[in-house]
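Below you'll find the structure, written out as C-alpha cells, and then a few comments.
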Amino acid sequence: MKIIVCGFGYVGATVAACLLREGHSIVGVDISPDKAAAISAGRSPIHEPGVNGFLRAGHADGRLLGSTEVGDHVLDADMALICVGTPSKPNGSLDLSYVVKIARQMGEAVRRRDPARSPLLLVFRSTMLPGSMDKVVLPNLLETAGEAPGGRYEVAYNPEFLREGTAIADYFAPPKTVIGERAPGTSKKLLGICDGLDAPIFEVPFAVAEMVKYADNSFHALKVAYANEVGRLALSLDIPPQRVMEIFLADTKLNISPYYLRPGTPFGGSCLPKDVRALAACMREQGVSAPVMENILASNASHKQFLVQEIGRRLPVGGR
Ligand SMILES: NC(=O)c1ccc[n+]([C@@H]2O[C@H](COP(=O)([O-])OP(=O)(O)OC[C@H]3O[C@@H](n4cnc5c(N)ncnc54)[C@H](O)[C@@H]3O)[C@@H](O)[C@H]2O)c1
C-alpha cells in the first residue's frame, strides 16, 4: 500500500519504519522542515533502536519520500496515519490543536480525490480522550471535506501501544490491536497492515478505543507508583524491596491476573479495609510518603456512595 504518515515524531517514525520493513511505500509528512529533510535523506529524526536501519533500507529501495505537506499524494494514497502530538495544556487538559489542524488539512485535501477511488482511510493514532473522534475530529473533517465519511475518505482510530526503547519489537508483537471505527467493517483496509501481527484484534466504537488507551496508560502508571510505594516502605523497614515484589509477581492467580479488575462492587469484608488502613498508618509512622495507599479507602468510599446514588437514580419514581 501507499501510506502517508503525518507527524514523524516518535510514533510516526517508528510505525513508518516497520511498514517499510513490511514492503509498503511511505510518504513521511512533518511540518518541521528539518524532520522532512531527514526523511527525504532516509535518516531517522528520532533515536530508537532499529528505526534508522529500516528507514534507510526503505529509502534505498525508493519507497520512502519526505515532505512538509501532503500535496498530491492524497490523490493516490491508500491510507494516511495521523501521528501528531497531543501534549498537555498548562492546566493539564489535552491540547488537540495539532489534531484539529491536520484533520482540517486532510479534509481540504481529500476534496481533490477522485470519488471513483476507494476512500482514503484516515487512521488517527494520536492519544485522544474519549469523545474526541466523534466531537472534534469528525466535525472538522466533515466541514472541510464538504462530505460525510464513506465517499472520498473513511476514518478510523487505532491507538498506539509502543514503548520507547522496545518500539520495533512491540510493533511486530503488540499486546493487542484496537480499532475504533465509525460503523462495523468501515476500516477493513486497516486490517491489511495488521496481517501477520500475532495479537488479538478488537473492532469497537471510537470512544471505546479511545478509553482503552487511557485505561491502559493510567494502569501502567498506577503499577509503577504502587510498586515504588511498596519499595519505599520495604526499604524503611530494612526489607529487600525486590524480593518482596518477586514473590508478589509469582502469584499469577490473585495478583497478576484478571481478579479484582472488573468494575462492579467496592471491596469490603474483614481483611481488605483493615489491612489497607493498617498499612497506610504504618507508612505514616515510618515517615514514608504514600499517596496511593493513603487514598485507596477514600476511593472505595466514593464507589459505595456512587452505587447508593445509582440505585436511587434507577428506582422508578416513588418506587422502593
Ligand atoms: N511517544 C510514545 O511512546 C507514544 C506511545 C503511544 C502513543 N503516543 C501518542 O502518539 C502521539 C504522537 O506522539 P509522539 O511522541 O510521536 O509525538 P511527537 O511530538 O514526537 O511528534 C509529533 C510530530 O508531529 C508533527 N506535526 C504536528 N502537526 C503536524 C501537521 N499538521 N502535519 C504534519 N506533522 C505535524 C510535529 O512536528 C512532530 O514531529 C501523541 O498523541 C502521543 O500521546 C506516543
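Ligands are counted one by one from 1 in listed order, and the atoms in each one are counted from 1 as well. Residue numbers run from 1 in the order of the sequence given. Side-chain atoms are counted along with the backbone in the values below, which use heavy atoms only and exclude waters and symmetry mates. Note that the structure is predicted; figures quoted are calculated from it, not measured.
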Determine whether more than 12 heavy atoms belonging to other residues, nucleotides or ligands lie under 6.0 Å from atom CD of Glu310. yes
Does any N or O of ligand 1 fall below 3.5 Å from an N or O anywhere on Thr86, backbone included? yes
At a 4.0 Å threshold, what atoms of ligand 1 neighbour a non-hydrogen atom of Tyr98? 27 (C), 28 (N)
Are there over 12 heavy-atom neighbours, none belonging to Arg63, within less than 6.0 Å of that residue's CZ? yes
May I ask you to identify, for Ile46, whether its side chain, its backbone, both or neither come under 4.0 Å of ligand 1 on a heavy-atom basis? neither
What I want to know is whether Lys213 and ligand 1 share at least one N or O pair that is separated by under 3.5 angstrom. no
May I ask you to list the atoms of ligand 1 that are less than 4.0 angstrom from any heavy atom of Glu164? 1 (N), 2 (C), 3 (O)
Students should be able to answer this: which protein heavy-atom is nearest to atom 20 (O) of ligand 1, and at what distance? Tyr10 N, 3.3 Å
Atom 19 (O) of ligand 1 [closest protein heavy-atom partner, distance rounded to 0.1 Å]: Gly85 CA, 4.4 Å
Ranked by distance from atom 5 (C) of ligand 1, the top protein heavy atom is Leu162 O, 3.7 Å
Nearest protein heavy-atom contact for atom 24 (O) of ligand 1: which residue, which atom, what distance? Gly7 CA, 3.3 Å
Is there a continuous path of hydrophobic side-chain contacts, each under 4.5 Å between heavy atoms, that joins Val137 to Val123? no
Classify the ring geometry of Phe54 against Phe172: parallel below 30°, tilted from 30° to 60°, perpendicular beyond 60°. perpendicular
Arg163, Lys101, Gln105: member with heavy atom nearest to atom 31 (N) of ligand 1: Gln105
For Ser187 and Glu181, which I'm curious about, is there any donor-acceptor pair between the side chains at under 3.5 Å? yes
min-distance protein heavy atom vs atom 7 (C) of ligand 1 -> Thr127 OG1, 3.6 Å
Please could you name the atoms of ligand 1 that Ser126 approaches to less than 4.0 Å, counting only its heavy atoms? 11 (C), 41 (O)
OH/Tyr98: more than 12 non-hydrogen atoms of other groups inside 6.0 Å: no
Record the part of Cys83 in heavy-atom contact with ligand 1 below 4.0 Å; permitted values are side chain, backbone, both and neither. backbone
Atom 23 (C) of ligand 1: which protein heavy atom is closest, and how many Å away? Asp30 OD2, 3.6 Å
Are more than 12 heavy atoms from other residues, nucleotides or ligands located less than 6.0 Å from atom CZ of Phe219? no
Should Ile82 and Ile179 be regarded as members of a common hydrophobic cluster, given that ILVMFWY residues are connected when their side-chain heavy atoms come within less than 4.5 Å of each other, either directly or indirectly? no
Distance under 4.0 Å to a non-hydrogen atom of Lys35: what atoms of ligand 1 satisfy this? 38 (C), 39 (O)
Flag this pair as yes if the NZ/CZ of Lys176 is under 6.0 angstrom from the six-membered ring centre of Phe161 and inside a 45 degree cone about the axis; otherwise no. yes
Answer with yes or no whether the hydrophobic clustering places Leu75 together with Met79; edges join I, L, V, M, F, W, Y residues whose side-chain heavy atoms lie under 4.5 Å apart. no
Write out the residue and atom name of the closest protein heavy atom to atom 8 (N) of ligand 1, then the distance separating them to 0.1 Å. Val11 CG2, 3.6 Å
Worked check of side-chain hydrogen bond (donor to acceptor under 3.5 Å, both in side chains) between Lys2 and His73: CA-CA 9 Å; Lys2 175 171 175 176; His73 295 294; 3.0 Å; yes
Nearest-contact summary for atom 21 (O) of ligand 1 - protein heavy atom, Å: Gly9 CA, 3.2 Å
In ligand 1, the atoms that come under 4.0 Å of a heavy atom of Val29 are 33 (C), 34 (N)
